[in-house]
Colleague: 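To start, I am sharing the structure in question, which I have written as structure tokens.
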Number of protein chains: 2
Amino acid sequence: MNNTELTIKAKIKYVQDTLFVISGKWKLSIMIAVSQGNHRFRDIQRNVPSISTRVLSKELKELELNKLLSRKVDEWQPKLVEYAVTPYCKSLAPVVESMIEWGRNHRKKIAEK
Amino acid sequence: MNNTELTIKAKIKYVQDTLFVISGKWKLSIMIAVSQGNHRFRDIQRNVPSISTRVLSKELKELELNKLLSRKVDEWQPKLVEYAVTPYCKSLAPVVESMIEWGRNHRKKIAEK
DNA sequence: CTGTATCCATGATGATACTG
DNA sequence: CAGTATCATCATGGATACAG
């Protein structure tokens, strides 16, 4: 599938959607922390240095809304919540890979006089 | 070239770099407006609805810094400035295309119950 | 433990007047 | 025409206390 038939406005809208989902200071770091086995709120906070509870809570909600993370609750006492990356999260790989590639080259480009 | 040998921290850094260059409310719209033949400050402003001169000025500077736009001045009176997309700007195509593709699919995904 | 509520600092954006 | 300066507003993030 390619996107040649889309209007420019539609393209911009889709790109902004994608930007919105992955941008911000923390989202990628959180996804990586979770994918590496940190499933609890505190574990994630420990592994994403200097994030506050308020912000972490908000980011987790957005990631869950976008179906990139799942949230499972056992209503025992004390409450037990488990976060995990969803299979859908993997669909971001082409986007992220192309951004890594471009950003990596861009450093050199900007360093040139 | 692939990026499998990079550390996670490096990957995040590169992705954040890329995000920084293309994110924000206006950058993509401005690049498109310029690429479609709007080379003058006023033309760009007319074609990117509701952007203020202050913000347009700032965004143009950042795009120029990142070598995505060129700026050429003829010091006549009245002053004549021409903006144009650089060849380097085209290197963003894979990133933008993958984001269009993902964002397009994501709309459907989120709409699902 | 897993968050929410509150308050505050900072930065981004907007409106508009003005300069060379 | 191509911006800059100034002031107001708003969104975002951080620190911390505390609730269930």
Side-chain angles (χ1 to χ4, degrees), chain A residues 12-13 15-31 33-34 36-66 68-85, chain B residues 12-13 15-31 33-34 36-66 68-85:
Chain A
I12 291 180
K13 187 184 64 175
V15 174
Q16 304 284 29
D17 284 352
T18 305
L19 278 173
F20 196 77
V21 171
I22 63 175
S23 72
K25 209 168 161 184
W26 305 111
K27 295 223 174 59
L28 286 162
S29 302
I30 292 169
M31 280 190 267
V34 175
Q36 291 193 324
N38 300 287
H39 298 300
R40 315 289 298 279
F41 193 93
R42 279 200 82 228
D43 294 335
I44 301 168
Q45 189 170 21
R46 259 196 303 266
N47 282 277
V48 180
S50 80
I51 192 170
S52 71
T53 59
R54 199 182 78 94
V55 174
L56 178 55
S57 171
K58 179 176 149 280
E59 302 281 90
L60 286 170
K61 270 179 193 161
E62 291 180 21
L63 288 167
E64 192 196 350
L65 250 173
N66 284 306
L68 299 173
L69 292 184
S70 62
R71 181 174 180 277
K72 188 169 133 279
V73 190
D74 273 341
E75 278 297 355
W76 298 57
Q77 287 304 341
K79 193 158 75 175
L80 198 71
V81 180
E82 298 241 321
Y83 291 93
V85 294
Chain B
I12 291 180
K13 186 185 65 177
V15 174
Q16 305 284 29
D17 284 352
T18 304
L19 279 173
F20 196 77
V21 171
I22 63 175
S23 72
K25 209 168 161 183
W26 306 111
K27 296 225 174 60
L28 286 164
S29 302
I30 292 169
M31 279 190 268
V34 175
Q36 290 193 321
N38 301 287
H39 299 300
R40 316 289 298 277
F41 192 93
R42 280 200 80 228
D43 294 334
I44 300 168
Q45 188 170 20
R46 259 196 304 266
N47 282 277
V48 180
S50 81
I51 192 169
S52 71
T53 58
R54 201 181 78 91
V55 173
L56 178 54
S57 171
K58 180 175 148 282
E59 302 281 89
L60 286 171
K61 270 178 193 161
E62 291 180 21
L63 289 168
E64 193 195 350
L65 251 173
N66 284 307
L68 298 172
L69 292 184
S70 62
R71 181 174 179 278
K72 189 169 131 279
V73 189
D74 273 340
E75 277 298 355
W76 298 57
Q77 286 306 339
K79 193 158 75 175
L80 198 71
V81 180
E82 298 240 320
Y83 291 94
V85 294

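Letters go in sequence order (proteins before strands), and every chain restarts at 1.
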Colleague: Would you give me the side-chain donor-acceptor pairs under 3.5 Å for residues 45-52 of chain A, sequence neighbours excluded?
Modeller:
residue: A:Q45; atom: NE2; partner: A:I51; partner atom: O; Å: 3.2
residue: A:R46; atom: NH2; partner: A:D43; partner atom: OD1; Å: 2.8
residue: A:N47; atom: ND2; partner: A:N38; partner atom: OD1; Å: 3.0
residue: A:N47; atom: ND2; partner: A:D43; partner atom: O; Å: 2.8
residue: A:S52; atom: OG; partner: A:V55; partner atom: N; Å: 3.3

Colleague: What integer distance in Å separates A:L60:CG from C:dT2:P?
Modeller: 11 Å
Colleague: Report all interatomic pairs (protein N or O, nucleotide N or O of nucleotides 15-20 of chain D) with separations under 3.5 Å.
Modeller:
residue: D:dA15; atom: N6; partner: A:R54; partner atom: NE; Å: 3.4

Colleague: In whole angstrom, what separates A:L56's CG from C:dG3's P?
Modeller: 9 Å
Colleague: Just how far, in rounded Å, is P of C:dG3 from CD1 of A:I30?
Modeller: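 Roughly 12 Å, once rounded to whole Å.
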Colleague: Looking at B:V34 and B:H39, what are the two nearest heavy atoms and their distance?
Modeller: O-CE1, 3.9 Å
Colleague: Just how far, in rounded Å, is P of D:dA11 from NZ of B:K25?
Modeller: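 That distance rounds to 10 Å.
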Colleague: Counting only side-chain heavy atoms from C-beta out, which of D:dG3, C:dG3, D:dG14 sits nearest to A:R71?
Modeller: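 The closest nucleotide is C:dG3.
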Colleague: Could you check how far NZ of B:K58 sits from P of C:dG14, rounded to whole Å?
Modeller: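 Distance, rounded to whole Å: 10 Å.
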Colleague: Starting at CD of B:Q45 and ending at P of C:dT13, how long is that distance when rounded to a whole Å?
Modeller: 16 Å
Colleague: B:K61 or B:R42: which one's nearest nucleotide on DNA chain D is closer to the 5' end?
Modeller: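 Checking each residue's closest nucleotide, the 5'-ward one belongs to B:R42.
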Colleague: At less than 4.0 Å, is any side-chain N or O atom of B:Y83 found next to OP1 or OP2 of D:dC1? Yes or no.
Modeller: no
Colleague: Do any side-chain nitrogens or oxygens of A:R40 fall under 4.0 Å of OP1 or OP2 in C:dG3?
Modeller: no
Colleague: I'd like to know if B:K27 pairs up with B:E59 as an ion pair, taking the criterion as any Lys NZ or Arg NE/NH1/NH2 lying under 4.0 Å from an Asp or Glu carboxylate oxygen.
Modeller: yes
Colleague: Given side chains that start at C-beta, do those of A:L68 and A:M31 come closer than 4.5 Å, heavy atoms only?
Modeller: yes
Colleague: Between B:I12 and A:S29, what is the shortest heavy-atom contact and its length?
Modeller: CD1-OG, 3.5 Å
Colleague: What's the CG-P distance between B:D43 and D:dA2, to the nearest Å?
Modeller: 7 Å
Colleague: Please give, in whole Å, the distance from D:dG3 P to B:K72 NZ?
Modeller: 13 Å
Colleague: So which atom in A:R71 and which in A:Y83 form the shortest heavy-atom distance, rounded to 0.1 Å?
Modeller: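 Distance-wise, the nearest heavy atoms are NE-OH, 3.3 Å.
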Colleague: So, taking the atom named CG in B:D17 and the one named CD1 in B:I22, what distance separates them when rounded to the nearest 0.5 Å?
Modeller: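 B:D17 CG to B:I22 CD1: 11.5 Å, rounded to 0.5 Å.
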